[in-house]
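The structure under discussion appears below in the form of structure tokens.
All chains are named by letter (A, B, ...) in the order of the sequence lines, taking the proteins before the strands, and each is independently numbered beginning at 1. Computed from a predicted structure; not experimentally measured.
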Protein chains: 2
Amino acid sequence: MTTQTRIRRLVKRPVSKAADEVRTVDYHALARFRYELRRFLAFSETAARKEKLTPQQHQALLSIKGFSHDKPVSVGDLAKLLLIRHHTAVELIDRMTKLGLIARAADPDDRRRILVRLTAKGERRLRKLSRIHFEELSASGEALMDMLQHFRQSGHG
Amino acid sequence: MTTQTRIRRLVKRPVSKAADEVRTVDYHALARFRYELRRFLAFSETAARKEKLTPQQHQALLSIKGFSHDKPVSVGDLAKLLLIRHHTAVELIDRMTKLGLIARAADPDDRRRILVRLTAKGERRLRKLSRIHFEELSASGEALMDMLQHFRQSGHG
DNA sequence: TCAAAATATATCGTAGTACGATCTATTTGC
DNA sequence: GCAAATAGATCGTACTACGATATATTTTGA
């Protein structure tokens with residue numbers, strides 16, 4: 001048996017017996033779910049790095065673009081959207097500005113705030129990545145959905 | 001408007017117009033999905049740290065427990081299951097062994113391989129965490145499922 | 001209206017951890 | 001039985017998130 005085959009068998013093992021026993025935690029289902037999650041995140045990371053972006057940079061571009069509807073997001077907004085500390089967001093924005101992916105602009109309404117927007121370069125990279133991710137999610141998001149459904153069913157039994 | 005309210009509005013904005021336009025990528029949907037993903041991972045990290053575990057340590061415990069059915073997993077198996085390099089797994093296992101969470105054992109069938117198993121301490125921590133995660137997933141996995149369903153529908157349109 | 005408190009951004013030093021490069025031990029294949 | 005492949009371990013490096021702290025601006029309240 002090759003190692004790849006071994007891993008496949010470890011992961012895609014037949015439905016766990018533990019699901020029948022009410023008091024027992026279904027470790028295999030949880031482990032599979034986290035494995036699928038990691039697979040998606042690994043896919044995403046690989047796709048991002050092909051576009052010369054770190055995963056965080058990709059996430060930042062997506063959050064800035066996806067959540068700037070009425071008004072651009074600020075440094076603090078981005079921190080909250082990425083669930084990181086303010087100064088971590090500042091550093092991330094520093095690096096991305098240096099790379100020409102985004103640009104800062106003072107908020108005229110509140111001069112403490114700094115608004116962030118994508119540059120043309122940032123837009124291009126994000127568009128490409130988002131198309132790829134959309135396809136991946138409409139295709140292989142199935143495994144994740146199956147697992148989530150499994151939890152919903154057993155959770156309310 | 002409080003900042004929390006602002007973030008909530010940024011995230012839970014009404015359905016994006018972009019979904020109608022076929023050639024346009026729905027950035028807001030992708031951004032929301034990733035936001036929900038980060039929220040789950042942040043929940044998981046907080047829960048793990050309450051049990052004095054790093055997220056990676058929690059993942060390792062879960063993978064070892066959840067994928068050791070016929071035979072314990074080896075160092076290399078764990079690396080593949082966690083999608084990390086062999087030596088990263090070695091280092092992770094080193095740290096966890098030092099903390100008394102897991103234990104190494106030589107594989108009698110292949111003396112190159114080292115098998116890994118949970119200690120009683122590791123079992124206790126994982127059981128507690130897994131119950132919490134199971135509840136979280138059966139409850140608030142809903143948001144994730146909604147997003148995934150959205151991608152499935154639009155993806156094949 | 002002006003000082004104190006709150007809010008927003010920025011800077012610096014530190015620490016955790018994943019990785020590449022490299023090494024040793026064991027097994028497998030010809 | 002020797003070369004190649006596989007498995008695990010060691011060491012130095014680099015990235016990045018964080019805590020502590022500093023500065024600027026706005027808001028609050030006497």
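- Nucleotide C:dT17 holds its P atom 10 Å from the CD atom of B:Glu45, rounded to whole Å.
- Taking atom CD1 of B:Ile114 as the reference point, atom C1' of C:dT27 lies 14 Å away to the nearest angstrom.
- The interatomic distance linking B:Arg104 (CZ) with D:dA9 (C1') rounds to 8 Å, in whole Å.
- Side-chain contact between A:Val75 and A:Arg113 is absent, with no heavy-atom pair separated by less than 4.5 Å.
- Contact check, B:Arg95 against C:dT17: a side-chain N or O comes under 4.0 Å of OP1 or OP2.
- The distance from atom NE2 of A:His86 to atom P of D:dA24 is 19 Å, rounded to the nearest whole Å.
- In this structure, CZ on B:Arg104 lies 4.5 Å from CG on B:Asp94, to the nearest 0.5 angstrom.
- When the C1' atom of C:dG20 is taken as reference, atom CZ of B:Arg85 falls 9 Å away, rounded to whole Å.
- In this model, the phosphate group of C:dT9 is approached by a side-chain N or O of A:Ser74 to a distance below 4.0 Å at OP1 or OP2.
- The residue from B:His133, B:Arg39, B:Glu136 that alone fulfils the side chain to side chain donor-acceptor pair (under 3.5 Å) condition with B:Ser44 is B:His133.
- For B:Glu91 and C:dA18, the CD to P distance is 8 Å, given to the nearest whole Å.
- Nearer the 5' end of DNA chain D, as judged by each residue's closest nucleotide, is the contact made by B:Gly76, out of A:Leu83 and B:Gly76.
- Between B:Arg95 and B:Glu91 there is no salt bridge, since no side-chain N of the basic residue sits under 4.0 Å from a carboxylate O of the acidic one.
- Using a 4.0 Å heavy-atom distance criterion, B:His87 is classed as a base contact.
- Side-chain N/O atoms of B:Arg113 include none lying less than 4.0 angstrom from OP1 or OP2 on D:dT6.
- Distance, B:Arg112 CZ to C:dG29 C1': 12 Å, rounded to whole Å.
- In this structure, the side chains of A:Ile7 and B:Phe67 stay at 4.5 Å or more apart for every pair of heavy atoms.
- Which of D:dA17, D:dT26, D:dT16 sits closest to the side chain of A:Thr54 comes down to D:dT16.
- Between the NZ atom of A:Lys98 and the C1' atom of D:dC15 there is a distance of 14 Å, given to the nearest Å.
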